[in-house]
There are 2 protein chains.
Amino acid sequence: MSRFTVATQSNSHSFHLADPCDTCRARDFSACAPLDAEEQSRLTAITRTVQATPHRAIFEEGDPADNVYTLTAGAVKIYKSLPDGRRQITGFLFPGDFLGLTHNESHAYSAEALTLTRLCRFPRRRLEALLDEIPRLEQQLLRMASHELAAAQAQIMLLGRKSARERLVSFLLMLSNGAVRRGQRGDPVSLPMNRSDIGDYLGLTIETVSRTLTKLKTTGLIELLDDKQIHLAKPEALREIAEGF
Amino acid sequence: MSRFTVATQSNSHSFHLADPCDTCRARDFSACAPLDAEEQSRLTAITRTVQATPHRAIFEEGDPADNVYTLTAGAVKIYKSLPDGRRQITGFLFPGDFLGLTHNESHAYSAEALTLTRLCRFPRRRLEALLDEIPRLEQQLLRMASHELAAAQAQIMLLGRKSARERLVSFLLMLSNGAVRRGQRGDPVSLPMNRSDIGDYLGLTIETVSRTLTKLKTTGLIELLDDKQIHLAKPEALREIAEGF
DNA sequence: CGGTCCTTTGACACAGGTCAAGTAATGTGG
DNA sequence: CCACATTACTTGACCTGTGTCAAAGGACCG
């Protein structure tokens with residue numbers, strides 16, 4: 001995985017756990033203690049690569065939490081539901097992201113692929129056993145978890161106090177920054193999810209998402225190349241809107 | 001847009017790091033690998049007990065993240081702010097909870113005591129050094145972080161999809177459950193924070209908080225013993241409301 | 001006993017939700 | 001290649017839950 005190769009999304013982040021240094025770079029982690037060859041091979045020994053197709057659950061809220069995953073290609077949504085059908089998407093995951101880590105017996109959320117997706121699956125018991133033996137693995141997990149926690153708090157701020165416009169703009173910038181971090185282009189932001197998923201992520205309805213995007217377009221802040229491709233016409237102005245100025 | 005407050009993180013338990021087994025029990029963690037006497041004394045060697053008084057910041061968003069804390073007595077709010085003063089409390093912390101863990105150079109949120117509060121302070125560098133030497137310490141942290149993450153997702157669901165009534169009821173039950181976990185009585189729920197903090201936590205205004213509590217009272221679901229003391233008159237009904245039935 | 005802070009309550013406004021219709025893109029079977 | 005269905009997105013008209021603004025009551029305090 002040389003830094004000089006063109007970043008093809010599929011490879012640059014596979015084996016998140018097995019290739020932590022790459023992950024660190026990609027995610028701006030402050031420190032990085034890569035696994036050595038022997039540790040990596042022990043980790044690899046318990047992983048299986050699996051595929052997930054859109055609209056099929058990877059696991060559902062309440063399912064026994066027997067496996068843990070890292071995403072190596074594609075995109076995934078994780079969400080919680082209320083009995084009457086209201087949904088809240090708590091996150092969109094991209095290559096390098098982690099899925100299913102918990103200390104409970106069952107998953108607290110459902111996970112579903114947005115596109116054709118490749119995952120590394122780790123049996124939880126065996127991964128936990130490895131954690132005891134490879135401290136650096138645990139360090140990586142802790143780093144990732146505290147990163148997730150910071151992201152969750154940003155999302156809490158977004159949902160608790162931002163307007164629809166601020167939410168949409170924050171969302172576009174998040175996607176853009178995420179793409180850049182993964183070595184892809186950040187400007188025409190590509191949305192692998194539909195309007196309904198965006199609404200369920202931002203705590204809005206489909207209609208509000210659509211209307212708000214239209215208004216951003218007519219204001220000249222963004223350009224809708226097509227439904228799922230957005231050009232950030234005035235990135236500075238967008239940044240200010242997202243930050244709440 | 002005057003005052004909003006900040007921050008969420010859920011519940012932790014006293015001397016979390018110094019007394020992990022107690023923590024585990026209190027939090028229903030699935031496994032528990034307590035530190036041995038020697039490990040504990042090494043941890044204790046780097047801790048200082050400090051006090052925090054209400055309305056004085058423990059640290060602020062952007063401050064260098066030099067210390068990590070566990071709360072041993074009192075209550076703390078953590079919050080993020082937008083430039084125009086909007087605030088979102090991302091968590092209320094109680095004895096046993098953890099404060100300030102991050103992999104960034106600076107804190108992503110502010111922390112402020114609600115009541116007279118006692119904290120254990122760990123210099124971050126020395127704690128990180130210990131992590132390398134005491135794997136079980138890191139295991140505890142990971143457990144705590146993944147617990148926080150689950151709580152953050154519940155809060156995301158609350159903010160994204162629940163009504164004001166559902167939010168208030170969920171909040172009361174959270175406080176009640178938290179108190180029980182810490183070995184206190186869960187029924188007259190005591191609110192160490194004011195209405196403004198509740199609003200800033202639930203993504204509502206003071207007025208909506210007040211009105212909604214009044215309505216819950218006139219419906220007979222709760223009883224307001226005083227401003228900060230609430231009796232859960234119909235716990236089953238409340239539970240259903242919180243879950244979104 | 002006047003001031004300050006917190007909470008409650010009321011009247012009204014508005015952002016975003018709901019309901020409904022229309023348009024466009026894509027697929028499907030004949 | 002064309003009807004036709006399906007799905008996703010947009011737009012409009014209207015409604016409602018919550019926010020905003022204002023005022024008043026209570027508790028606490030010097």
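Lettering of chains follows the sequences in order, A, B, ..., and the numbering in each one begins at 1.
- Residue B:S210 places no side-chain N or O under 4.0 Å from the OP1 or OP2 atom of C:dT9.
- B:R195 places its CZ atom 14 Å from the C1' atom of C:dT9, with the value rounded to the nearest Å.
- Although no hydrogens or angles enter the test, the distance criterion places no donor-acceptor pair under 3.5 Å between the side chain of B:T115 and the main chain of B:G74.
- Spacing between atom CZ of B:R86 and atom P of D:dG19 amounts to 13 Å, rounded to whole angstrom units.
- Heavy-atom contacts from other residues, nucleotides or ligands closer than 6.0 Å to CZ of A:R86 number more than 12.
- Per the geometry, CD1 belonging to B:I198 stands 16 Å off P belonging to D:dT18, to the nearest Å.
- Note: CG (B:N194) to P (C:dT8) measures 11 Å, nearest angstrom.
- Per the geometry, CD belonging to B:E166 stands 12 Å off P belonging to D:dG17, to the nearest Å.
- At whole-Å resolution of the value, CG in B:L168 and C1' in C:dT7 are 14 Å apart.
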Strictly under 3.5 Å: I want the nitrogen or oxygen pairs between protein and nucleotides 16-18 of chain C, one per line.
from   : atom 1 : to     : atom 2 : distance (Å)
C:dG16 : OP1    : A:A164 : N      : 2.8
C:dG17 : OP2    : A:T205 : N      : 3.3
C:dG17 : OP2    : A:T205 : OG1    : 3.1
C:dG17 : OP2    : A:T208 : OG1    : 2.4
C:dT18 : O4     : A:R211 : NH2    : 2.6

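- Rounded to a whole Å, the CG atom of A:L191 is 15 Å from the P atom of D:dA8.
- For A:D200 and D:dA8, the CG to P distance is 13 Å, given to the nearest whole Å.
- To the nearest 0.5 Å, atoms CG (A:L116) and OG1 (A:T53) are separated by 7.0 Å.
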Acceptor/donor pairs from residues 212-221 of chain B side chains to any protein atom, 3.5 angstrom cut, sequence neighbours excluded:
from   : atom 1 : to     : atom 2 : distance (Å)
B:T212 : OG1    : B:T208 : O      : 2.6
B:T214 : OG1    : B:S210 : O      : 2.9
B:T218 : OG1    : B:T214 : O      : 3.4
B:T218 : OG1    : B:K215 : O      : 3.0
B:T219 : OG1    : B:K215 : O      : 2.4

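- Taking CG of A:N67 as the start and NE2 of A:H107 as the end, the distance is 7.0 Å to the nearest 0.5 Å.
- Put simply, B:K228 has no side-chain N or O that comes within less than 4.0 Å of OP1 or OP2 on C:dC6.
- We find the NE2-CE distance between A:H147 and A:M144 to be 9.5 Å, quoted to the nearest 0.5 Å.
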